[in-house]
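Data first, discussion second: the structure below is written as structure tokens.
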Amino acid sequence: MPAEKEAGIITADAQVTTLQAILAAHGHSPEDVLAGADAARERTTNASPQTTEGPYYVPGDGEPLQRKDIADGRPGVPLRLRITVLSADQGAPVDGAVVDVWHCDALGYYSGYLAHDPDTLPTMDETGHVPPSDVSRFLRGCQPTGADGAAEFDTVYPGWYFTRSIHIHVKVLVDGQEVYTGQLYLPEKYNEAIEAFPPYNQHTTLERLPNEDDLVYRTVGGEDLLLDVHAVVPGHIQGGLNASFTMTVALP
């Protein structure tokens, strides 16, 4: 279901309208989805909120991409990402957990899916995934946590794509068992600044969706999944950013 464009740009309002139409076609409304999510959150423990892995997750096809530098030379504002994993029961650092991250590039493209136009909705299979179209694997990788429970990645600030605000996908495995799947969000202060810089400002066909208009963000309680972001050099965003998040997980 294509969204209408205004002066060649797919607006944020048009993206929201498209999602509402899709939900309505399946007998739902955004209010229904949000009410169900609120009820689910009330039943959870003190573990960090989880959500779908999304359609662009690529399971390991051979050796895992265990690496700190996941940028693969992709252009964008440098981002040092630090994720700390704590146990939900004791709040202690989890040593040896595997943190797996992936996100789109500055123009909204995911590696493995370069044939897909980021200004459109993907065609998903019955599992909610899209079969990869190529073997590229930029902006994907995993790292083990240390004794402090932290794993670090060198990447670039993500861009945006149809119906989604700017985010980073995360999985955490402990002893080979998946204990967390979710999405981390970037603060609007930095999202607004980033879209003025190259190469982000080359994505002129799709208006960036703010966090508050992203249904996944609203459904999962995205305000609890915001990364803490600071410029490496105060006042100079293009010089690079540090982003951190501390999550709690229920151990197996």
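Keep in mind the model is a prediction, meaning the values are calculated, not measured.
Criterion: ILVMFWY side-chain heavy atoms under 4.5 Å apart, direct or through other members. Under it, Leu86 and Val101 are not part of a common hydrophobic cluster. A continuous path of Ile, Leu, Val, Met, Phe, Trp and Tyr side chains, each step under 4.5 Å between heavy atoms, connects Leu251 with Val172, placing both in one hydrophobic cluster. Leu209 and Tyr157 sit in two unconnected hydrophobic clusters of ILVMFWY residues. Membership requires side-chain heavy atoms under 4.5 Å apart, directly or through other members. Val233 and Leu79 are assigned to two separate hydrophobic clusters, defined by single-linkage of ILVMFWY side chains at heavy-atom distances under 4.5 Å. Grouping the Ile, Leu, Val, Met, Phe, Trp and Tyr side chains by contacts below 4.5 angstrom, directly or via other members, places Val98 apart from Phe153.
Taking each heavy atom of Asp214 and Ser165 in turn, the nearest pair found is OD2-N, 2.6 Å. Smallest separation of non-hydrogen atoms from Ala150 and Asp148: N-OD1, 3.1 Å. Looking at every heavy atom in both residues, Leu186 comes nearest to Asn191 through O-ND2, 3.0 Å. The minimum heavy-atom distance linking Ala250 with Ala47 is given by the pair N-CB, 4.3 Å. Residues Tyr200 and Val77 approach most closely at OH-N, 3.0 Å, considering heavy atoms. The two residues Val220 and Gln50 have their closest heavy-atom pair at CG2-O, 3.1 Å.
For the pair Thr18/Phe162, a side-chain contact is recorded, criterion being any heavy-atom separation below 4.5 Å from C-beta on. Side chains of Glu195 and Ile166 form no contact here, defined as non-hydrogen atoms less than 4.5 Å apart. In this structure the side chain of Leu139 never reaches within 4.5 angstrom of the side chain of Ser111, judged on heavy atoms. Between Cys142 and Lys171 there is no side-chain heavy-atom pair separated by less than 4.5 Å. At least one side-chain heavy atom of Lys68 sits under 4.5 Å from a side-chain heavy atom of Arg80. In this structure the side chain of Arg208 never reaches within 4.5 angstrom of the side chain of Ile194, judged on heavy atoms. Here the side chains of Thr52 and Gln183 are in contact, with some heavy-atom distance below 4.5 Å. Arg164 is not listed as a side-chain neighbour of Gln15, based on a closest heavy-atom distance of 4.5 Å or more.
Every residue two or more places apart in sequence or in another chain was checked for a ring pair (Phe, Tyr, Trp, His ring centres under 6.0 Å) with His103, and none qualifies. By the ring pair (Phe, Tyr, Trp, His ring centres under 6.0 Å) test, Tyr185 pairs with Tyr217, sequence neighbours left out. Every residue meeting the ring pair (Phe, Tyr, Trp, His ring centres under 6.0 Å) condition with Tyr113, not counting sequence neighbours, appears here in chain and number order: Tyr56.
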### Query
Could you go step by step and tell me if Arg67 and Asp72 meet the side chain to side chain contact (heavy atoms under 4.5 Å, CB included) rule?
CA-CA 11 Å; Arg67 54 184 182 173; Asp72 273 357; 3.0 Å; yes
### Message
One pair to check against side chain to side chain contact (heavy atoms under 4.5 Å, CB included): Met247 and Tyr180. What are the steps and the verdict?
### Response
CA-CA 9 Å; Met247 64 172 59; Tyr180 181 84; 3.7 Å; yes
#### Entry: Trace of the side chain to side chain contact (heavy atoms under 4.5 Å, CB included) decision for Thr51 with Thr219
CA-CA 9 Å; Thr51 188; Thr219 300; over 6 Å; no
#### Entry: Check against side chain to side chain contact (heavy atoms under 4.5 Å, CB included), Val130 and Thr123
CA-CA 7 Å; Val130 178; Thr123 300; over 6 Å; no
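Side-chain N or O atoms of Trp160 include one that pairs as donor or acceptor with a backbone N or O of Leu206 at under 3.5 Å. Between the side chain of Tyr161 and the main chain of Thr120, no donor-acceptor pair closer than 3.5 Å is present. A donor-acceptor contact shorter than 3.5 Å is absent between the side chain of Glu53 and the backbone of His129. In this structure a side-chain-to-backbone donor-acceptor pair under 3.5 Å is present from Ser136 to Gly112. Panel note: side chain Ser48, backbone Thr248; a donor-acceptor pair is recorded below 3.5 Å. Judged by distance alone, with hydrogens and angles left aside, the side-chain atoms of Tyr190 form no donor-acceptor pair with the main-chain N or O of Ile237 at under 3.5 Å. Side chain of Ser87 to main chain of Ala92: a donor-acceptor pair is present (N/O by atom type, distance under 3.5 Å, no hydrogens or angles). Checked by atom type and distance alone, the side chain of Arg74 never pairs as donor or acceptor with a backbone atom of Val156 at under 3.5 Å. Proximity of a side-chain donor or acceptor of Asp175 to a complementary backbone N or O of Gln177 within less than 3.5 Å is not detected. The closest donor-acceptor contact from the side chain of Asn46 to the backbone of Ala88 lies under 3.5 Å.
The distance from atom CG of Leu81 to atom CD1 of Ile168, rounded to the nearest 0.5 Å, is 5.0 Å. Rounding to the nearest 0.5 Å places OG1 of Thr205 at 9.0 Å from CG of Leu107. To the nearest 0.5 Å, atom OG1 of residue Thr155 and atom CD1 of residue Ile70 are 3.5 Å apart. Atoms OG1 and CD1, from Thr17 and Ile22 in turn, are 11.0 Å apart once rounded to the nearest 0.5 Å. Here the NE2-CG distance, from His167 to Leu225, works out to 12.0 Å after rounding to the nearest 0.5 Å. Atom CD of Glu152 is separated from atom OG1 of Thr145 by 12.0 Å, given to the nearest 0.5 angstrom.
In Asp69, the CG atom is crowded: over 12 heavy atoms of neighbouring residues, nucleotides or ligands sit closer than 6.0 Å.
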